[in-house]
Every structure is written in structure tokens, then in C-alpha cells.
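In this chain, numbering begins with 1 at the start of the sequence shown.
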Amino acid sequence: MSIIFHEKSKIFHLHNDSISYIMMILENGHLGQLYCGKRIHDREDFSYLLEKAPRPMSSCVYEDDKTFSLEHIRQEMPVYGTTDYRHPAVEVLQENGSRISEFGYQEHRIFSGKPRLEGLPATYTEDDSEAETLIITLKDELTGIKVELSYTIFARGGIVAKNMCFFNEGNGSVHLTQAMSLCLDLPDYEYEWIQLSGSWARERHVKNRILTHGITAIGSMRGNSSHEQNPFIALKRPSADEQQGEVFGVSLIYSGNFLMQAEVDAHDTLRLLAGINPSGFDWKLDPGEHFQTPEAVLVYSDKGLNGMSQTFHGLYQKRLARGYWRDRERPILNNNWEATYFDFTEEKLVEIAEKAKECGVELFVLDDGWFGKRCSDHAGLGDWIANTERLPNGITGLADRIENLGMKFGLWVELEMVNKDSDLYRAHPDWILATPGRNQSHGRFQHVLDFSRKEVVDHIYEMIAKILSEAKVSYIKWDMNRSITECYSAVLPSDRQGEIFHRYILGVYDLYERLTSRFPHILFESCASGGGRFDAGMLYYAPQGWASDNSDAAERIKIQYGTSMCYPISSIGAHVSVIPNHQVFRTTPLHTRANVAYFGAFGYELNLNKLSEEEIKEVKEQVCFMKKYRKILQFGTFYRLKSPFEGNEMVWMAVSEDQKTAIVGWYRILNCVNATFTRVELQGLNPDYQYRNSQTGRFHYGDELMNLGLITSDSTAGQAEGDAVPCTDFESRIYVLEAVE
């Protein structure tokens with residue numbers, strides 16, 4: 001790992017064993033982009049990569065030079081209107097109405113380690129030897145606006161983390177109307193664009209597009225990262241696949257409005273932007289103030305999509321997630337929501353927990369309905385006081401009873417919302433986000449508290465901290481069930497209303513930081529009506545998230561497959577739920593529901609008392625299996641082998657760090673007859689180890705399984721006769737491969 005500055009050529013070279021990232025100070029003081037890709041040898045001068053030529057109709061910077069046009073130069077922090085007509089990374093609205101800026105090089109510094117971002121989630125180091133950071137200072141002399149561009153390269157993996165910080169050192173106020181975290185100009189556009197898109201109950205489906213001239217973009221304007229789009233994209237070469245080829249991945253560590261955009265110009269160059277969505281964003285920067293953008297993480301892999309994903313998994317698992325639960329296997333839980341919804345008593349909950357304990361479950365979670373007048377979704381949100389009609393001894397009493405069973409106790413909250421039918425709203429009707437004189441839209445009969453206001457966040461903190469300090473709570477499921485509408489704060493002036501979306505997210509982060517710091521041993525799980533805020537920003541505070549409200553096994557295959565593109569398996573909340581499924585009314589086998597949920601933070605979303613004796617026996621076996629192998633399933637090296645978006649079968653696998661154990665999940669959606677023989681080539685095994693196949697008892701060398709493949713044929717290959725094991729729709733199998741001496 002090294003960051004080198006060549007004084008004579010004015011070139012920066014960031015490189016480690018995987019990646020080279022090369023920039024130079026241009027003759028006008030701007031910062032130019034020369035190369036980003038596979039690691040190359042350093043040299044004194046890479047300026048030959050800056051190609052210039054006179055072009056018809058180009059506007060040029062210098063009077064006597066027809067070749068220097070920013071329209072045709074790759075840049076690190078481009079602005080619009082000074083000969084570059086592409087979308088900018090930065091736009092500053094000044095008091096005279098101008099939006100023209102000229103940010104020229106001032107200085108730079110290089111140091112070991114990585115600084116924290118003020119008030120924002122970001123990757124981190126535990127030792128300065130893990131990374132090096134370059135901060136380049138640019139300044140617009142006319143306005144006095146200074147920008148610090150921060151680049152951190154980690155010692156291992158093709159990782160560069162980027163952000164910008166703006167300082168107003170001038171005499172007048174300005175407005176930042178665009179402040180992206182990352183700009184990457186690439187010399188060609190021969191890439192396929194991959195995004196994770198969907199909606200409620202079908203989040204993070206893998207979508208592919210071929211880039212062409214013009215704009216390709218995803219984003220959110222909902223106030224949360226959203227079910228519809230995820231703040232992650234990948235660019236892969238057309239020949240690349242899961243196992244090989246060049247891939248760039250970009251992930252924004254942010255939970256609010258975002259934009260990720262690729263612009264291909266008329267000369268086939270590609271500009272990639274990632275950051276806060278500029279639509280509706282307007283941050284007033286008074287003299288002496290500063291503004292920090294979120295962090296964007298760029299990953300380069302020459303080992304295909306799996307190589308990119310494994311780099312993200314390792315980074316986010318170990319250097320984004322924090323605290324007590326970061327490296328610990330996650331407890332197997334039973335959540336009461338789909339078992340009871342709002343219809344429960346303390347005795348009914350204890351009865352469900354007793355059965356869960358009998359099955360080996362370690363954590364019982366009380367979901368919605370425990371507080372205020374919360375007997376439906378019409379009332380109670382904001383009143384974080386236990387409903388003693390349902391829980392005579394409060395949360396403290398229930399938690400004690402669960403602990404006495406030998407289990408841990410968890411609790412659901414939705415701290416950012418309020419019902420109008422609540423004591424909180426009646427006392428503080430101005431605490432919601434609402435535009436004067438306009439309709440106040442609701443979602444699920446609830447409204448969004450104005451978390452841009454410190455007094456609102458303080459009040460919610462005090463209420464929930466009181467419960468957590470009195471009761472034995474080991475887990476918090478933090479939900480958020482609606483996006484922001486009528487975004488307006490009653491306390492900010494008109495020229496700062498464009499700050500509310502971002503200030504809201506800063507308020508959410510502040511509350512998370514205070515609660516996780518005060519209660520470090522509580523496992524926090526983020527949730528947003530399922531997967532509406534499953535993003536890297538949340539992982540900094542909550543090491544796992546509820547991936548989707550849709551717990552159907554067949555649908556979850558797609559959701560969890562897509563989620564794994566960027567996010568570690570340990571972060572994916574995945575449960576076995578009741579059948580018929582409450583979202584799609586589908587009936588799937590109990591073993592398949594578990595075989596999908598194993599690859600995540602495992603649990604049950606049902607009343608185990610309603611299962612048959614045979615099903616309870618199977619549940620107990622599932623719990624034993626998960627306890628035995630969850631370290632590998634949650635923290636092993638994960639490989640996607642067959643995509644559910646491309647056929648009737650899906651396969652993925654996890655491999656232990658020592659390569660002695662591999663767990664392969666095989667899934668088929670619809671049953672077949674007289675079908676073909678099937679096999680799948682595995683990944684990540686030691687070619688010289690012999691592995692025993694748990695399904696067949698046979699022994700195979702690792703190189704056999706990776707090159708010849710694991711045979712997955714079953715009784716559908718032909719016509720099932722005699723003692724053949726019958727198959728059904730939604731069939732699945734788990735293959736455990738153990739190395740033998």
C-alpha cells in the first residue's frame with residue numbers, strides 16, 4: 001500500500017496489491033483523472049495519459065490554446081460551465097446568482113490511517129497500518145470556498161474510499177446545490193450497469209443494463225434509501241461474470257436521498273457520479289461553516305462479481321460494522337409478529353417463548369403493539385411507555401420472564417414516527433414534518449417526526465433509553481414504515497428548507513450513535529418496512545438488517561441473492577415463516593424455508609406451538625444445524641454460483657476460512673419431469689483436499705468439485721420409480737462438504 005506524489009510531474013499514485021488510482025494536477029489547477037484499474041508499476045510521469053486535441057465546437061480555457069477543453073478531460077471534481085458541459089460533481093450558488101466555480105489546487109497531505117467523518121457513518125481502521133489517506137485541498141479564490149477531497153486506500157483489496165468537505169472561508173454566504181461524494185471519469189463505456197431495484201416485498205432484485213450514450217441513473221427522493229433503489233451499482237465488462245473479469249462496484253454509505261449516475265458523452269467517455277441527490281438539496285454555507293459529504297466506497301475487482309462482493313463483504317463486516325456484535329455469531333430468534341400481530345397478552349407471548357426455548361431458540365422478540373394505545377396501526381406511535389393492560393408488569397416484567405426461561409429478550413421500536421392519535425402528537429403537533437397550508441399526507445396512518453430538530457431527537461432518546469436502562473433488553477428491531485412527504489421544518493428559515501432531508505438523516509444517525517454507545521451490548525437490527533433502508537449507512541450502527549417483509553422462501557432467494565452483491569451475509573435478517581406465506585400465500589416446504597434462511601441472521605417468524613410434532617422435530621434439527629455451522633454461513637467466504645434471475649435453479653455457497661468446510665445451498669423453484677442431469681462447479685475449495693459429501697457420503701477432491709462440478713441430479717432426471725426420493729415444487733438441498741485427513 002502506498003500513496004506517492006511525484007513533484008515534478010504533479011502526479012498522485014494510490015496503489016496496493018490490487019488497484020492503481022492515478023491523478024494529476026492540471027495546468028489550470030484542477031484535478032485530472034488518469035487511470036483507475038488493476039495495479040500497475042509506478043513511474044515518475046504518467047502525463048502521457050492526458051490526451052488533448054483541438055476539436056470543432058469545443059470551448060477552450062486558454063485564449064491561445066485550442067486543445068485544453070475540460071469537455072474532453074477526465075476530472076476528479078468537475079464543475080459545470082467552464083468548458084465542461086457534462087453533469088458536475090459540485091455546484092455552488094453564489095450571492096450574485098452565479099453558479100460558476102474554479103477550484104484550483106492549494107496543497108495536499110498524506111498520512112497513515114483514516115480520519116472519522118463528523119456525524120456520518122464511514123469505514124474505519126483500527127490500526128494506522130491498515131490504510132493511507134490523501135487529502136487534496138482545492139480552492140475557489142473568488143468565493144473563498146475551499147474543498148478537501150479525501151481518498152483512503154486500504155492495504156488489501158481494490159478499495160478506495162472517497163468524500164469531500166466544503167469550507168466557506170469567504171465573506172459571503174453560498175448555497176451548495178450539488179455536492180457529490182464520488183466522481184470517476186473512465187476512458188470508455190464498454191460496461192454493463194448492474195443495479196439492485198424493486199419495491200416493497202421484492203427488494204434488491206438484480207437488474208442489468210447496457211450503457212449507451214446519455215444518462216443511466218438510479219436514486220431516491222423519499223428521504224430514505226428506499227425499497228425501489230439501493231445506493232449501490234456495479235459496472236462490469238461484458239465478458240465478466242461471477243467468477244472472472246473486470247468489475248467496478250460503488251457503494252454510498254448513506255441512508256437518505258441519493259443519486260448514482262453514469263453519463264456517456266459523444267466521445268465515448270464515461271462519468272460516474274455518486275452522492276446526495278441534488279434534487280431538493282440546497283445547503284446554505286455561511287462564512288466559517290463547513291459541509292461534509294457522505295463516504296462513497298469504490299471497489300475494483302479483476303475476479304468477477306464474486307471478487308467484488310467478497311471485497312465489500314470483508315470491508316463492511318470488519319471495518320464498517322462496529323461494536324460487540326460485529327464479529328459474533330448472531331442469536332437464533334423467534335419474532336412474534338406473524339404469530340400474533342397486535343393480538344397478544346403477556347401469557348400468550350410467554351407460551352410462544354416457552355416452545356421456542358424447547359426448540360433451542362436463543363432470543364425472543366416482541367414486535368409491534370406493546371406501547372401506548374397501540375392496538376392497531378392507527379394509534380400509539382410516539383408514546384414509548386408499556387401498555388400495562390397487555391403487559392401488567394411492563395417491559396421489565398416480561399423481559400425477566402423470558403430471561404428466566406434461559407433466553408434473551410428483544411423489542412421492536414419505530415422511533416422516527418408518530419400517530420396523530422398519541423399523547424406525543426397532542427402535546428407537540430409541530431414536531432412532524434409538514435408544509436404550512438398544505439395537506440399532511442400519511443403512510444400507514446403515521447407521520448414523520450422532524451429529526452432535523454435536536455429537541456425532538458432528545459425527547460425520543462430519553463423515552464427509549466429509560467426502557468433500555470430498566471429492562472433486560474438484548475436486541476432492538478428498529479423499524480421505519482414510511483417515506484417523507486411535505487418535507488418542511490417549522491423551525492428553520494426559508495433559505496434552509498433545502499437542508500431538511502439531510503438534517504433528518506443526521507438526526508437518525510445521532511440517535512443511533514447515542515443509543516448504541518450507551519447500550520453497547522444490545523444487538524440492533526435496522527428495518528424499514530422490511531428492506532426500505534437496507535444500506536451501508538445503517539450497517540455502521542446496526543450490524544444486521546431485516547432484508548424484506550417478504551419471508552416467502554422462493555421470493556427470498558432473489559432478495560438475498562441481490563443483497564449479497566454488496567452486503568455481507570451476516571447482515572441479512574432471514575426467517576422461517578408460517579405457511580401459507582402471509583405476503584404471497586404460497587406454501588413451501590419447511591426444509592426449504594430453513595435452507596434459504598440459513599444464509600443470513602437466522603430465526604423464526606411464527607408460533608411454533610401450531611406446528612405438528614414432526615415439524616417441531618424438524619425445527620429442532622434446523623436449530624442444531626444452524627448452531628453448528630452459523631459461523632461459516634454468516635462469516636465464511638460467500639460465492640454466488642447460479643442466479644435465480646436466469647433460470648429455474650439457484651446455487652450459492654459459503655466456505656470456511658481454512659477451506660475445510662463448505663456449505664452449498666441448492667434450490668429449484670418448479671418441479672421437473674424427465675429433466676436433464678445437472679451439476680454445478682463449486683468455488684473456493686482447496687484443490688488438494690478430499691471432501692466428504694453429506695448427501696451421498698462420497699469423497700471428492702476439491703479440484704474435482706470445482707472443475708467437474710457437484711452433481712445435483714435427483715429423481716426428476718427421468719421418471720421417478722421405486723424408492724426414489726420424491727421432489728416437489730420449491731425443492732432445496734444443503735450439501736455439507738467436510739475435508740477429511
If you draw the axis of the six-membered ring of [Y], does the NZ or CZ of [X] fall within 45° of it and under 6.0 Å from the ring centre?
| X | Y | value |
| --- | --- | --- |
| Arg640 | Trp652 | no |
| Arg330 | Phe602 | no |
| Arg328 | Tyr324 | yes |
| Arg237 | Tyr191 | yes |

Modelled atom types, side-chain donor and acceptor of [X] and [Y], under 3.5 Å:
| X | Y | value |
| --- | --- | --- |
| Asn224 | Ser226 | no |
| Tyr316 | Ser251 | yes |
| Gln317 | Ser570 | yes |
| Ser612 | Glu615 | yes |
| Glu681 | Asn707 | no |
| Glu246 | Tyr300 | yes |
| Gln229 | Ser220 | no |
| Ser18 | Arg39 | no |
| Glu621 | His591 | no |
| Asp367 | Asn335 | yes |
| Ser529 | Asn481 | yes |
| Ser548 | Asn550 | no |
| Glu738 | Tyr691 | no |

Legend entry - Whether Phe638 and His313 hold their rings parallel, tilted or perpendicular, with breakpoints at 30° and 60°: tilted

To the closest 0.5 Å, what do you measure between [atom1] ([X]) and [atom2] ([Y])?
| X | Y | atom1 | atom2 | result |
| --- | --- | --- | --- | --- |
| His700 | Leu710 | NE2 | CG | 7.5 Å |
| Ile194 | Cys566 | CD1 | SG | 12.5 Å |
| Glu130 | Thr123 | CD | OG1 | 10.5 Å |

Inset, instruction - Flag the pair Glu362 and Arg630 as a salt bridge only when some basic side-chain nitrogen lies within less than 4.0 angstrom of an acidic carboxylate oxygen. - result: yes

Legend entry - Glu228 and Arg222 ion-paired at < 4.0 Å: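 Here Glu228 pairs with Arg222 in a salt bridge, since their nearest N and O are under 4.0 Å apart.
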
Any donor-acceptor pair under 3.5 Å linking the side chain of [X] with the backbone of [Y]?
| X | Y | answer |
| --- | --- | --- |
| Lys610 | Ala339 | no |
| Gln244 | Ser239 | yes |
| Arg209 | Glu192 | no |
| Thr311 | Gly157 | no |
| Gln659 | Gly684 | yes |
| Asn16 | Phe154 | yes |

A quick test of your reading: do over 12 heavy atoms of other residues, nucleotides or ligands sit less than 6.0 Å from [atom1] of [X]?
| X | atom1 | result |
| --- | --- | --- |
| Glu614 | CD | no |
| Lys660 | NZ | no |
| Glu358 | CD | yes |
| Lys631 | NZ | no |
| Lys408 | NZ | no |

Legend entry - Worked check of side-chain contact (heavy atoms from CB on, under 4.5 Å) between Ile352 and Leu608: CA-CA 7 Å; Ile352 295 172; Leu608 292 165; over 6 Å; no

Inset, instruction - With side-chain contact (heavy atoms from CB on, under 4.5 Å) as the test, would you mind laying out the steps for Gln243 and Leu641 before giving the verdict? - result: CA-CA 9 Å; Gln243 318 306 344; Leu641 303 179; 4.0 Å; yes

Inset, instruction - Let me see the working for Tyr701 and Tyr689 under ring-ring contact (aromatic ring centres under 6.0 Å, His included), right down to the final yes or no. - result: CA-CA 6 Å; Tyr701 280 103; Tyr689 287 177; 9.8 Å; no

Sequence neighbours left out, cut at 3.5 Å: what donor-acceptor pairs do the side chains of residues 572-585 make with other protein atoms?
| residue | atom | partner | partner atom | Å |
| --- | --- | --- | --- | --- |
| His575 | ND1 | Glu605 | OE1 | 2.7 |
| Ser577 | OG | Ser551 | OG | 2.8 |
| Asn581 | OD1 | Gln583 | N | 2.7 |
| Asn581 | OD1 | Val584 | N | 2.9 |
| Asn581 | ND2 | Ser551 | OG | 3.4 |
| Asn581 | ND2 | Gln583 | OE1 | 3.2 |
| His582 | ND1 | Tyr341 | OH | 2.5 |
| Gln583 | OE1 | Ser551 | N | 3.2 |
| Gln583 | OE1 | Ser551 | OG | 3.4 |
| Gln583 | NE2 | Glu338 | OE2 | 3.1 |
| Gln583 | NE2 | Asp549 | O | 3.2 |

Legend entry - Residue from Lys558, Arg593, Arg586 passing salt bridge (Lys or Arg N to Asp or Glu O under 4.0 Å) with Asp552: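 So the option named by the test is Arg586.
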
Inset, instruction - Kindly indicate, with the supporting measurements, whether the criterion side-chain contact (heavy atoms from CB on, under 4.5 Å) is fulfilled by Leu523 and Ile476. - result: CA-CA 6 Å; Leu523 172 58; Ile476 286 289; over 6 Å; no

Inset, instruction - With sequence neighbours excluded, tell me which residues meet salt bridge (Lys or Arg N to Asp or Glu O under 4.0 Å) with Glu618. - result: none

Counting C-beta onward and ignoring hydrogens, is there a side-chain heavy-atom pair between [X] and [Y] closer than 4.5 Å?
| X | Y | answer |
| --- | --- | --- |
| His205 | Ile559 | yes |
| Arg733 | Thr712 | yes |
| Leu363 | Ile332 | no |
| Arg319 | Glu126 | yes |
| Asn334 | Met407 | no |

Inset, instruction - Give a yes or no on whether the ring-centroid distance for Phe258 and Tyr254 is below 6.0 angstrom. - result: no

Legend entry - Within the 6.0 Å centroid threshold, strictly below: Tyr598 and Phe625: yes

Inset, instruction - Test Leu272 against Val250 for side-chain contact (heavy atoms from CB on, under 4.5 Å), laying out the working first. - result: CA-CA 9 Å; Leu272 187 63; Val250 177; 3.7 Å; yes

Legend entry - Pair His15-Tyr21, ring-ring contact (aromatic ring centres under 6.0 Å, His included): steps then yes or no: CA-CA 6 Å; His15 62 85; Tyr21 195 104; over 10 Å; no

Inset, instruction - Kindly determine whether Tyr567 and Phe312 satisfy ring-ring contact (aromatic ring centres under 6.0 Å, His included), including the steps that lead there. - result: CA-CA 7 Å; Tyr567 305 103; Phe312 273 120; 8.1 Å; no

